[in-house]
Amino acid sequence: WGHTFPTVEHAYQWKKFSDADLDVANQIRNANSPEAVKRISEKNKAPDEWHQAKVAVMEEILRAKAAQHEDVREVLQKTGSKRIVENSPGDSFWGCGSDGKGENHVGHIWMRVRDGLTGKLKN
């Protein structure tokens with residue numbers, strides 16, 4: 001997207017506001033921590049269409065992270081075919097949730113990224 005972000009949280013929250021509110025997006029991009037990013041995002045209303053786009057955006061970000069960082073690719077490849085779980089007891093959408101039965105979207109995305117890496121290695 002033409003920017004460098006210090007964390008996935010920065011990139012994800014920036015993208016949420018980049019088309020709808022450039023001032024908020026810039027505050028997010030310049031925030032000094034993921035926690036500050038989250039606070040800024042929570043103070044502002046996400047665009048209506050965000051809910052439909054958010055999983056695809058997260059996948060784009062995590063694919064970019066894997067493409068840019070060899071250590072991330074190595075760790076993913078070492079997981080083999082094991083199930084990856086985002087251990088986030090407070091988040092049942094992106095992670096496992098408090099009961100371990102969350103939707104685990106981040107875990108599923110990482111497994112898709114890993115599968116793409118495995119496919120590239122076989123070719």
**OP:** Count the heavy atoms of every other residue, nucleotide or ligand shown that sit under 6.0 Å from NZ of Lys65, and state whether that count exceeds 12.
**Re:** no
Subject >> For Thr79, side chain to side chain donor-acceptor pair (under 3.5 Å) partners two or more places apart >> reply: Arg114
Original post:
Does a salt bridge link Glu59 with Arg63, judged by any charged N lying under 4.0 Å from a carboxylate O?
Top reply: yes
**OP:** Measure the spacing between NE2 of His10 and CD1 of Ile40 and express it to the nearest 0.5 Å.
**Re:** 8.0 Å
Subject >> Gap separating the CD atom of Glu49 from the CG atom of Asp19, nearest 0.5 angstrom >> reply: 8.0 Å
Original post:
Judged by atom type as modelled, is there a donor-acceptor pair below 3.5 Å linking the side chain of Asn30 to the main-chain atoms of Asn26?
Top reply: yes
Subject >> Shortest non-hydrogen separation from Pro34 to Thr7 and the atoms involved >> reply: CG-CG2, 3.8 Å
**OP:** First locate atom CZ of Phe17, then atom CG of Asn44, and finally report the distance between them rounded to the nearest 0.5 Å.
**Re:** 5.0 Å
Original post:
Looking only at heavy atoms, which two atoms of Leu117 and Arg73 are closest? And how far apart?
Top reply: CD2-CD, 3.8 Å
Original post:
Is there a path of hydrophobic side-chain contacts, each under 4.5 Å between heavy atoms of I, L, V, M, F, W or Y residues, that connects Trp110 with Val85?
Top reply: no
Original post:
If we only count heavy atoms from C-beta on, is the Lys16 to Pro47 side-chain gap below 4.5 Å?
Top reply: yes
**OP:** State, yes or no, whether a side-chain contact exists between Asp48 and Lys45 at a heavy-atom distance under 4.5 Å.
**Re:** yes
**OP:** For Trp14, check ring-ring contact (aromatic ring centres under 6.0 Å, His included) against everything at least two apart and list the hits.
**Re:** Trp1, His3, Phe5
Subject >> Test item: Asn104 side-chain N/O and Glu86 main-chain N/O as donor-acceptor pair under 3.5 Å >> reply: yes
**OP:** Grab the two heavy atoms, one from Cys96 and one from Pro89, that are nearest each other, plus how far apart they are.
**Re:** SG-N, 4.2 Å
Original post:
How long is the gap from NE2 on His108 to CZ on Arg112, to the nearest 0.5 Å?
Top reply: 8.0 Å
Original post:
Going by the ring pair (Phe, Tyr, Trp, His ring centres under 6.0 Å) test, which pairs reach into residues 56-93, not counting sequence neighbours?
Top reply: Phe93-His105
**OP:** Identify whether Met111 and Val75 are in the same connected component of the hydrophobic contact network (ILVMFWY, side-chain heavy atoms under 4.5 Å).
**Re:** no
**OP:** Taking all heavy atoms of Lys101 and all of Asp99, pick out the closest pair and write down the distance.
**Re:** N-OD1, 2.9 Å
**OP:** Would you indicate whether Glu70, at its atom CD, is surrounded by more than 12 heavy atoms from other residues, nucleotides or ligands within a distance under 6.0 Å?
**Re:** no
Original post:
Would a 4.5 Å heavy-atom cut-off, applied to side chains only, mark Ile84 and Leu76 as touching?
Top reply: yes
Subject >> For Ala66 against Val72, the heavy-atom pair lying closest together >> reply: CA-CG1, 4.0 Å
**OP:** Without swapping roles, check the side chain of Asp91 against the backbone of Gly102 for a donor-acceptor pair under 3.5 Å.
**Re:** no
Original post:
Given Trp94 and Met58, is the side-chain contact (heavy atoms from CB on, under 4.5 Å) satisfied, shown in steps?
Top reply: CA-CA 10 Å; Trp94 293 113; Met58 182 62 79; 3.6 Å; yes
Original post:
Is Ser18 reaching over with its side chain to a backbone N or O of Lys15, donor-acceptor style, under 3.5 angstrom?
Top reply: yes
Original post:
Any side-chain heavy-atom pair from Tyr12 and Val37 closer than 4.5 angstrom?
Top reply: no
